[in-house]
Asker: 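Sharing a structure below in structure tokens format, with a few things to ask.
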Amino acid sequence: MQANIETTALPPSEALPTERKPRHARSLTWWLLLLVVWTLSGVYTARLLKRGWVAYDEGTFGQCAERVLDGQLPHRDFDDPYTGGLSYLNAIAFSALGTNSASPRIVLFLFFLGFVPAVYAIASRFASPLGAGTATLLAVVWSVPNYTAAVPSWYNLFFAVFGTAAVLRFIESGRRRWLFVAGLCGGVSFLFKISGIYFIASVLLQLIFREVCTPHQVPSGKPGSRIYNIFLKALSVVFIVGPFIIIRRNLSAVAMLEFMLPVVALVILCLWRDSRREAGPPGQRFVSLFRALLPFAAGVALPVSLFLVPYLRSGSLWAFFNGVFLMSIRRLDFAARRPAELRLIRVVATLTLAGLLTRAIAVRAPITWSKRVPLLVGLGFLFLASARFPLVYQFAWGPLTLLIPLAVLAGSILLAMARVTKGLSVVRQQQIMLLLSVAALCGLIQVPFSVANYFCYAAPFLVLALLALLSIREGASRFVLGALAVFYIAFAVFRSTPTFLAFMGNRYLRDQQIHQLTIVRAGGLRVYPSEGEEYDRLIPVVLDHAGGSRFVYCAPDCPEVAFLAGLRNPTRTLFDFLDQPAEHTQRALQAIGSHPVNVIAILSEPPFSNPMSADLHAALREQFPEYTQIGRFEVRWRR
């Protein structure tokens, strides 16, 4: 049963709580549908938990976790590609469940089981239990099942959802402790990956919108009221410049549309709403904003401060700052890809889907079967033909990433229209604004590596944002919305997910992740046969020639070799491009010389870094003259 929300009159500086039906008032249907959705989501995802890998991802997670277990500190002792929190969580997974690639995935699955009811709870604020359950299933099938590796972006998604649920509780109740909880979620998310900042920024934007919606008794014409306006415009510039800095290295018209447009639209909405109301003196407005901002900021600061204690005690705070912030800039030069161009088929598909959604929301007249049948036939054709024809597959997939900016733009326009907001409570407007902000800013997770699977890290927020927009007007066509939801659930399950990462968004391929790795540390992962056979041959050869040594040098960009072999990397570098190019050869040779390295593996086709330099390769050939070629790997050992 949907929550019954009503605004109440409160002093200007206080929150705007609402009377909301208590949790025990949720109907039996609500709980039963949650149980059904939860079970389906869990069973479906569990079946895919060991399916597929990106080898260097597994190697990165494994090596970083083992280094933490060895007492090393991320960024100080080794180049962790992320903030460091994931390395500690994976270290706990190894300690509790065994040192193999399946253990972090099991922990990820446990967090996923908390993510599902959180999405359902958010969705149920805007739809009936059946609608919320359908939206939750849609969010699920477009998220973790597509790539079940324990990448930090999934944790960014999980904690952003948890934090969003907490902010919604604050909006409804006015209790600031929920903002502290949301801040904790933001801080923990940042500790997994720097992109956790996007959720923190989205809450800040929502709090600004909340303040401009707060009534004040003093007319804006009073002297000094311009101070807050200047402050607000300065914040607006930060919100616009920040995303631009992020996308500037892979700047394109599509990038501006997908990533800049939604943020700019929300900023303009806040400025517009502020200009159309009577505002109080700056002191009152600052108090109103900071009363909400401080508990949230305290929540963010707490986990980050605790995480930094070892760095402070060891005098290595700069190493953390350099590894998290400065090295992330370096990654933009190598691990970057522009979003897909606006081809004609993508434009037509986007306009078609947007038109159907608009038709479902705007037109109140019942849809007759003479119009329902063509819709069902068209969706059925798309589903069947997408298995054989790449253009049809792209017609269905292409609009999805563009729906985020279009949904945010539409929501911003609606929230700026007086005749629309007149029928919405202030609480409902804030709820909608929150979901639009999170969709817009957390959608930046797709930058700078704008490939199809990165959309999956933001897809649940698109679903929730669309659901929030649908709640603005009653009487939306359930038939059209239900048909589209069922189609995209089926498309994800039977077309997108089986295709896996390399071809996702381009064409359908049957699931080919059928080779179960025999390496113990692989944890039974199922991968492509050619890749699986390569590693099943490679790792025993590396172990045979290690000669009792605990070390192996593997480069460039193949940390999985050391992890799968159960050996240690003598350098601090997992990916060569993260190391400074100056004197890289000398550092590598020095590390090899200072450790008992008897065998090395050279990857001929690194995913990010340049191939191994000629001088380093020559020096290694001299030190390790014996060799064999196994697929893409040149394995060398001493006589």
Side-chain angles (χ1 to χ4, degrees), residues 45 54 57 60-61 64 74 80-90 104-105 107-116 118-119 122 139-140 142-167 181-206 242-243 246-247 259 262-263 296 299-300 303-304 307 323-325 328 331-332 335 401 404 434-435 437-465:
T45 305
V54 173
D57 276 353
T60 299
F61 306 148
C64 289
D80 193 320
Y82 307 109
T83 314
L86 181 66
S87 300
Y88 283 94
L89 182 63
N90 288 340
R105 296 189 180 213
V107 173
L108 177 81
F109 181 70
L110 296 177
F111 278 88
F112 169 79
L113 291 179
F115 158 79
V116 175
V119 172
I122 294 172
V140 165
W142 280 99
S143 61
V144 176
N146 291 277
Y147 182 40
T148 52
V151 295
S153 298
W154 289 134
Y155 289 101
N156 286 153
L157 171 64
F158 296 160
F159 282 96
V161 167
F162 300 152
T164 299
V167 177
V181 173
L184 288 176
C185 293
V188 172
S189 179
F190 167 77
L191 292 179
F192 279 95
K193 189 177 178 181
I194 190 174
S195 48
I197 291 176
Y198 300 150
F199 170 71
I200 296 171
S202 67
V203 176
L204 176 58
L205 190 57
Q206 195 280 332
I246 293 170
I247 71 171
F259 308 123
V263 178
F296 178 72
V300 171
V304 175
F307 190 83
V324 173
F325 295 100
S328 64
R331 285 195 289 271
L332 297 179
T401 54
I404 293 179
L434 172 63
L435 292 181
S437 298
V438 176
L441 285 157
C442 290
L444 291 171
I445 190 73
Q446 300 171 86
V447 180
F449 207 62
S450 298
V451 293
N453 62 291
Y454 271 68
F455 165 75
C456 298
Y457 303 133
F461 289 119
L462 170 61
V463 174
L464 293 173

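Both backbone and side-chain heavy atoms feed into the values below; hydrogens, waters and symmetry mates do not. Keep in mind that what you see is a predicted model, and the values were worked out from it rather than measured.
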Asker: Could you check whether any side-chain heavy atom of Y147 comes within less than 4.5 Å of a side-chain heavy atom of D57, counting everything from C-beta outward?
Answerer: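 Yes, their side chains come closer than 4.5 Å.
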Asker: Only counting residues at least two apart or in another chain, list the ones meeting ring-ring contact (aromatic ring centres under 6.0 Å, His included) with F192.
Answerer: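 For F192 the ring-ring contact (aromatic ring centres under 6.0 Å, His included) partners, ignoring immediate neighbours, are Y155, F159.
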Asker: Can you find a heavy atom in the side chain of L86 that is under 4.5 Å from one in the side chain of C64?
Answerer: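 Side-chain contact under 4.5 Å: no.
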Asker: The criterion is side chain to side chain donor-acceptor pair (under 3.5 Å); which residues satisfy it with N146, sequence neighbours excluded?
Answerer: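 So N146 forms a side chain to side chain donor-acceptor pair (under 3.5 Å) with T497.
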Asker: For L434, give me all partners under side chain to side chain contact (heavy atoms under 4.5 Å, CB included), at least two apart in sequence or on another chain.
Answerer: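 Side chain to side chain contact (heavy atoms under 4.5 Å, CB included) list for L434, sorted by chain: T164, V167, L168, I171, Q206, V438.
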Asker: Among residues at least two apart in sequence or on other chains, which ones pass side chain to side chain donor-acceptor pair (under 3.5 Å) with T45?
Answerer: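 Side chain to side chain donor-acceptor pair (under 3.5 Å) list for T45, sorted by chain: empty.
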Asker: Please examine the side chains of F158 and S189, heavy atoms only from C-beta on, and report whether any two atoms are closer than 4.5 Å.
Answerer: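 Not in contact.
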Asker: Within a strict 4.5 Å, meaning less than it, do heavy atoms of the L444 and P243 side chains meet?
Answerer: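 Yes, at least one pair of side-chain atoms sits under 4.5 Å.
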Asker: Less than 4.5 Å apart, side chain to side chain, heavy atoms only: is that true for V144 and L108?
Answerer: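 V144 vs L108: side chains touch.
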Asker: Indicate yes or no for a side-chain donor-acceptor contact from S202 to the backbone of F199 under 3.5 Å, with no hydrogens or angles considered.
Answerer: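 Yes.
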Asker: Does any part of the side chain of V151, heavy atoms only, come nearer than 4.5 Å to the side chain of F61, both counted from C-beta?
Answerer: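 Yes, their side chains come closer than 4.5 Å.
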Asker: Partners of T83 by side chain to side chain donor-acceptor pair (under 3.5 Å), sequence neighbours excluded?
Answerer: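 Partners of T83 under the side chain to side chain donor-acceptor pair (under 3.5 Å) test: none.
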Asker: Decide yes or no for V140 and F112: does some side-chain heavy atom of the first lie under 4.5 Å from some side-chain heavy atom of the second?
Answerer: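 Heavy-atom side-chain distance check passes, below 4.5 Å.
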Asker: Side-chain atoms of residues 451-464: list all donor-acceptor pairs with protein atoms under 3.5 Å, sequence neighbours left out, distances to 0.1 Å.
Answerer:
none

Asker: For a 4.5 angstrom cut-off between non-hydrogen side-chain atoms, does F162 reach L157?
Answerer: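 No, their side chains stay 4.5 Å or more apart.
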Asker: Which heavy atom in V304 sits nearest to a heavy atom in F190, and how many Å separate them?
Answerer: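 Reported closest heavy-atom pair: CG2-CD2, 3.9 Å.
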Asker: The criterion is side chain to side chain donor-acceptor pair (under 3.5 Å); which residues satisfy it with Y82, sequence neighbours excluded?
Answerer: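 Scan of Y82 (side chain to side chain donor-acceptor pair (under 3.5 Å), adjacent residues dropped) gives none.
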Asker: Which residues pass the ring-ring contact (aromatic ring centres under 6.0 Å, His included) test with F325, sequence neighbours left out?
Answerer: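 In terms of ring-ring contact (aromatic ring centres under 6.0 Å, His included), with neighbours along the sequence ignored, F325 is linked to F321.
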Asker: Looking at I445 and S153, what are the two nearest heavy atoms and their distance?
Answerer: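 Where I445 meets S153 most closely, the heavy atoms are CD1-OG, 3.8 Å.
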Asker: Under the side chain to side chain contact (heavy atoms under 4.5 Å, CB included) rule, collect the residues that match up with P74, sequence neighbours excluded.
Answerer: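 P74 satisfies side chain to side chain contact (heavy atoms under 4.5 Å, CB included) with V68, F78, D80, Y88, Y311 once adjacent residues are dropped.
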